[in-house]
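Naming: A, B, ... by sequence-line order, numbering from 1 per chain. Values below: all heavy atoms of this structure, side chains included; hydrogens, waters and symmetry mates excluded. Predicted model only: the values in this text are computed from it and were never measured.
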There are 2 protein chains.
Amino acid sequence: MSLPLHERIRREIEADILAGTLPPGARLPTELELMARHGCARMTVSKALSALATAGLVDRRKRAGSFVARPKVHSMVLDIPDLAVEVERRGQRYRYELLHRTVRAADPASPVEAALAGTGELLRIEGVHHADDRPLAVEDRLISLAAVPEIRAVDFGLISPGAWLLGHVPWTEAELRVAAVAAEGEAAARLDRPAGTACLAVERRTWRGADGITWVRQLLSGSDFDLVASFGPTRAG
Amino acid sequence: MSLPLHERIRREIEADILAGTLPPGARLPTELELMARHGCARMTVSKALSALATAGLVDRRKRAGSFVARPKVHSMVLDIPDLAVEVERRGQRYRYELLHRTVRAADPASPVEAALAGTGELLRIEGVHHADDRPLAVEDRLISLAAVPEIRAVDFGLISPGAWLLGHVPWTEAELRVAAVAAEGEAAARLDRPAGTACLAVERRTWRGADGITWVRQLLSGSDFDLVASFGPTRAG
DNA sequence: CAGTGGTCTAGACCACTGA
DNA sequence: CAGTGGTCTAGACCACTGA
């Protein structure tokens, strides 16, 4: 244990948040309680909590206390639109059409599935995003049921899997892969576009700590869509 | 002045870095000097410097001092490949072909140009990126000469504008826009692809503080390319 | 080996805000 | 109005490392 004390305290709390022991909205111990627990000065616990606040994992409010932040850890860094929000911002009506929904074990021969869920169970969801009943994107998604067990009960006739996950599961790491492809066959038909139409293929993986949450591949119809990302240094304070 | 003292100190140093008064590699005042200058305790200046280090603007080394970081502010957040690096990683030979190079005043009627350079001068550079003499991407770039005057003297037969900027100019904010388009006409011909080929159109703007540095639009040939971005929370310490 | 940053203490006063 | 976090002080000891 050559790690500084403030860093050990920070990691202990972070681990509880990522494990879900401290769920979004939960109140953390006060600085006074953490001082007593670790037998240290207030500046030391303050440094640990401030680092968590800077990283976006914790909200600190005077008189009220420190709380686990609601899932929006990523919002300062990445602004890939939730399709529903984006469609409604254009004044169109959004609808998610569920095509298939299956639960099965992860295939150990598939690198994607093994990395996501090991040998655990997967929820696979296929669907189409519509704007004013015009198809905008086809989506193929895998979700690790070990990481998100409560998703079994969700009705995806009412909300898309992406929107549900965004509101319920905090993520800490993500990888995004974007390419241009020509829509072919079934995908082109589902998008109601001629074969050969230039589409954006977006592949995204999301983790909470070391645990995979979801893998998703979307094919976005033609040049209907821009993906926009903004980047800047993290501001302290 | 209701800002905390540590935050005022942080901003003062950040402003000097962004203005270029403190160029990359320059040594900052020591904590002792900053204490004397601001008449405060060491913890206060330490907080300001630590925040700058966490944001990636400053490197701190024991015994040596604190230094303005070399331009790599963004590397933790965004990994959009420098095309030259990416091509060489595949074991191919990279070449940048300069097509046009002109200097002119920014057009106030163009929102892009006005936002980049106000009424100042622009360097416009058009070129093609090649891998093993096969065209990979066409690029159209604008650079604000007020922000980067030393670029007038650079020979882009030897290095691409993007690689030069990456090595010489630190940026703090960036916006990236990605869409799928079908290559047509001149662009398709320069990429040596049939019209209608699905391509990635990448548009990117970069700032240093409030000053625009560059705007660039690249058309990446077919599915030769993935763009990959990784995201995670900033770690303190 | 001396100067620098890294960490930590044991206090203090204050600003804010929800019970 | 009392509890919480925000800031700041004036020290201390230590680890590291380049002159």
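Where G65(B) and A64(A) meet DNA chain C, the nucleotide closest to each residue was compared, and G65(B) sits on the side nearer the 5' end. Toward the 5' end of DNA chain C, the nearer of the two residues L49(B) and M43(A), judged by each one's closest nucleotide, is L49(B).
Side-chain proximity of R63(B) to dT9(D), dT7(C), dG18(D): nearest is dG18(D). Listed candidates were dG5(C), dA12(C), dT9(D). Nearest to the side chain of R42(B) is dG5(C). Considering only the side chain of T44(A), dC8(C) comes nearest among dA15(D), dT9(D), dC8(C). Among the nucleotides dG6(C), dT7(C), dC16(C), the one closest to the side chain of H6(A) is dT7(C). Comparing atom distances between the P4(B) side chain and each of dT7(D), dG6(D), dG5(C) picks out dT7(D) as nearest. Closest to the side chain of K62(A), from the set dC16(C), dT9(D), dG5(C), is dC16(C).
Separating the NZ atom of K47(B) from the C1' atom of dC8(D) is a distance of 9 Å, rounded to the nearest angstrom. dG6(C) atom C1' lies 16 Å from atom CG of L34(B), rounded to whole Å. Rounded to whole angstrom, the span from the CG atom of L32(A) across to the C1' atom of dG6(D) amounts to 15 Å. A straight line from CG of D59(B) to P of dG5(C) spans 13 Å, rounded to a whole angstrom.
Pair check for dT7(C) finds dA12(D); Watson-Crick or G-U wobble, both atom distances under 3.5 Å. Nucleotide dG18(D) has dC1(C) as its partner under the Watson-Crick or G-U criteria, with both atom distances under 3.5 Å.
At least one side-chain nitrogen or oxygen of R60(B) sits closer than 4.0 Å to the OP1 or OP2 atom of dG6(C).
Nucleic acid contact for S66(B): sugar-phosphate only, since backbone atoms but no base atoms lie under 4.0 Å from a heavy atom of the residue. Among the protein residues, L5(B) comes within range of the sugar-phosphate backbone only, with heavy atoms under 4.0 Å from sugar or phosphate atoms but none that close to a base.
Using a 4.0 Å cut-off between charged side-chain N and carboxylate O, E12(B) and R8(B) make no salt bridge. Under a 4.0 Å N-O distance rule, the pair R124(A)/E113(A) does not qualify as a salt bridge. At a threshold of 4.0 Å, the pair R10(B)-E7(B) counts as salt-bridged, since one of the basic side-chain nitrogens sits closer than that to a carboxylate oxygen.
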